Protein chains: 2
Amino acid sequence: MSIEDTFDALFKALGHRARRRILDLIKDGPKTTGALCEKLTDLDRCTVMQHLSVLEKTGLVVVERRGRERWNHLDALPIHDVQKRWIGAYAAHAVAVIESLDALAETDAQSPDITAPPQASIAMRQVGSRSKTS
Amino acid sequence: MSIEDTFDALFKALGHRARRRILDLIKDGPKTTGALCEKLTDLDRCTVMQHLSVLEKTGLVVVERRGRERWNHLDALPIHDVQKRWIGAYAAHAVAVIESLDALAETDAQSPDITAPPQASIAMRQVGSRSKTS
DNA sequence: TAATCATGTTATAAAAATACAACATGTCAA
DNA sequence: TTGACATGTTGTATTTTTATAACATGATTA
């Protein structure tokens, strides 16, 4: 499995609120599947288990069996990896854009160059309206 | 749209390598759709546009039209938000686990308590084998 | 202005994800 | 050992995502 496959799986795993809720529930300590189902009353037990298996495949949840119980542990290390190799770079990029805009704001108005791909004009718009589409 | 919807959309958007490739391609400056298609030779032009529209809906891509061209700009600010509100907390959690393990390694061997939910034992396993499942 | 070019739109097939039902298995406790 | 309990497995209907085809539009330029 390539590193890109790993990122695919991790982002997809985090891309469902039920799974993020599960991670939140076991953040401060492992829980049994039954305990999780009691919290996630809006979901069927089978659905919870399916989400757990998705999380387990990504390594975000580590399972330990104790008799007839299944204790679901959080392993946040994969998220740490995502943070380091992916999110961090883009978050830094965002900060850099903001800072460059602050610098721009100092210099202010510049003659618009229609020939070059415009970066600042868009960036200005971003800061002006941070509201998302739809 | 709730904040959880936003996270759903963002993680899902990042959960496809084609979209991450697109973001990489426009990280250092905007590109036209045509320019992107030239780079993503393994994908149909329509598919690239569909991915772009997914990215646009999340706010990760901001579109600017210039005549018959469409310039796709990166807006990394949503990723910065994810980093702040979500990834950061878990990444910190991972680091905390590692550090607590370092501390544990000092004290070392402890009597296993079968009554309490075991945390350390699993955590030890995590450090022992960082390899992911499958 | 007519051909070309870059992009946009609509429809659709195929694949994957989601939610759940029904049934199966292994464990514990009386 | 027997019944309750926690979990596991398999199958399936529904929805969403992905990839593409076919056609449309609006801007350039020869």
Side-chain angles (χ1 to χ4, degrees), chain A residues 1 4-5 7-22 25-26 30-58 60-73 114-115 117 133-134, chain B residues 1 4-5 7-23 25-26 30-58 60-73 114-115 117-118 133-134:
Chain A
M1 193 170 76
E4 287 302 319
D5 286 322
F7 283 145
D8 273 8
L10 273 171
F11 282 123
K12 276 175 185 163
L14 295 173
H16 198 291
R17 78 193 59 190
R19 291 192 284 263
R20 292 198 304 276
R21 284 178 66 196
I22 289 175
L25 286 170
I26 61 175
K31 283 194 168 51
T32 65
T33 305
L36 288 174
C37 289
E38 276 177 28
K39 300 277 184 180
L40 304 164
T41 50
D42 52 325
L43 294 177
D44 188 86
R45 183 183 63 87
C46 297
T47 306
V48 172
M49 285 200 57
Q50 223 166 12
H51 283 308
L52 279 171
S53 83
V54 170
L55 290 169
E56 195 182 355
K57 276 177 196 149
T58 66
L60 286 167
V61 162
V62 178
V63 171
E64 180 207 18
R65 255 158 269 264
R66 279 222 169 178
R68 60 180 168 182
E69 289 172 328
R70 167 196 165 117
W71 286 87
N72 302 280
H73 297 250
I114 200 74
T115 62
T133 317
S134 85
Chain B
M1 192 170 79
E4 287 302 318
D5 287 321
F7 283 145
D8 273 8
L10 274 172
F11 282 124
K12 275 176 186 163
L14 295 173
H16 197 291
R17 78 193 59 190
R19 291 193 284 264
R20 292 197 304 277
R21 283 177 67 195
I22 289 175
L23 295 185
L25 286 170
I26 62 175
K31 283 194 168 52
T32 67
T33 305
L36 288 175
C37 290
E38 276 176 30
K39 299 278 185 180
L40 304 164
T41 49
D42 52 327
L43 294 177
D44 189 86
R45 183 184 64 87
C46 297
T47 306
V48 172
M49 286 199 58
Q50 224 165 10
H51 283 307
L52 279 171
S53 83
V54 170
L55 290 168
E56 195 182 355
K57 276 178 196 149
T58 65
L60 286 167
V61 162
V62 177
V63 171
E64 179 207 19
R65 257 157 268 265
R66 279 222 168 177
R68 63 180 168 180
E69 290 171 329
R70 167 196 165 118
W71 287 87
N72 303 280
H73 297 250
I114 200 75
T115 63
T133 316
S134 83

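Keep in mind that the numbers below use all heavy atoms, side chains included, and drop hydrogens, waters and symmetry copies. Quick note on labels: first sequence line is chain A, next is B, and so on, each numbered from 1. All of these numbers come straight from a predicted model, not from anything done at the bench.
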B:Arg17 CZ to D:dT18 C1', in whole Å, measures 13 Å
Proximity to the side chain of A:Thr33 - top-ranked nucleotide from D:dA19, C:dT9, D:dG8: D:dG8
note: B:Ile22, atom CD1; D:dT18, atom P; distance rounded to Å ~ 11 Å
Working to the nearest 0.5 angstrom, can you tell me the gap between A:Asp8 CG and B:Leu14 CG? 10.5 Å
From CG of A:Asp5 across to P of C:dA16 the rounded distance in Å is 13 Å
Taking NZ from A:Lys57 and P from C:dA16, how many angstroms apart are they, rounded to a whole number? 13 Å
Taking atom C1' of C:dT9 as reference, at what distance in whole Å does atom CG of B:Leu52 sit? 15 Å
Between the protein and nucleotides 27-30 of chain C, list every N/O to N/O distance that falls short of 3.5 Å.
residue	atom	partner	partner atom	Å
C:dT27	O2	A:Arg68	NH1	3.3

Before accepting this row, confirm whether a basic side-chain N of the pair A:Arg20/B:Glu4 lies closer than 4.0 Å to the acidic partner's carboxylate O. yes
State whether A:Thr47 places a side-chain N or O below 4.0 Å from either non-bridging phosphate oxygen (OP1 or OP2) of C:dC20. yes
In this structure, how many angstroms lie between the P atom of D:dT7 and the CG atom of A:Asn72, rounded? 8 Å
Quick one: are A:Asn72 and A:Glu64 in side-chain contact, heavy atoms under 4.5 Å? no
Rounding to an integer number of Å, can you tell me how far B:Glu64 CD sits from C:dT7 P? 13 Å
A:Arg70 side-chain N/O to D:dG8 phosphate OP1/OP2 under 4.0 Å: yes
Taking the side chain of A:Gln50 as its heavy atoms from C-beta onward, which of C:dT9, C:dT18, D:dT7 lies nearest to it? C:dT18
Output for pair (B:Leu55 CG, B:Ile26 CD1), nearest 0.5 Å, gives 7.0 Å
Ignoring backbone atoms, establish whether B:Arg65 has a side-chain N or O less than 4.0 Å from OP1 or OP2 of C:dG8. yes
The side chain of B:Cys46 lies closest to which of these nucleotides: D:dG8, C:dG8, D:dA21? D:dA21
Length of the CG-P vector between A:Asp44 and D:dT14, whole Å: 16 Å
Residue met sooner reading DNA chain D from 5', once A:Gly34 and A:Lys12 are mapped to nucleotides: A:Gly34
Decide yes or no for B:Leu60 and B:Arg19: does some side-chain heavy atom of the first lie under 4.5 Å from some side-chain heavy atom of the second? no
B:His51 vs D:dT17: side-chain N/O to OP1/OP2 distance below 4.0 Å: no
Expected list for residues 36-50 of chain A: side-chain donor-acceptor pairs under 3.5 angstrom, two or more places apart:
residue	atom	partner	partner atom	Å
A:Asp42	OD1	A:Arg21	NH1	3.4
A:Asp42	OD2	A:Arg21	NH1	3.4
A:Asp44	OD2	A:Cys46	N	2.8

B:His16 vs D:dT16: side-chain N/O to OP1/OP2 distance below 4.0 Å: no
Min side-chain heavy-atom separation B:Thr33-B:Glu69 under 4.5 Å: no
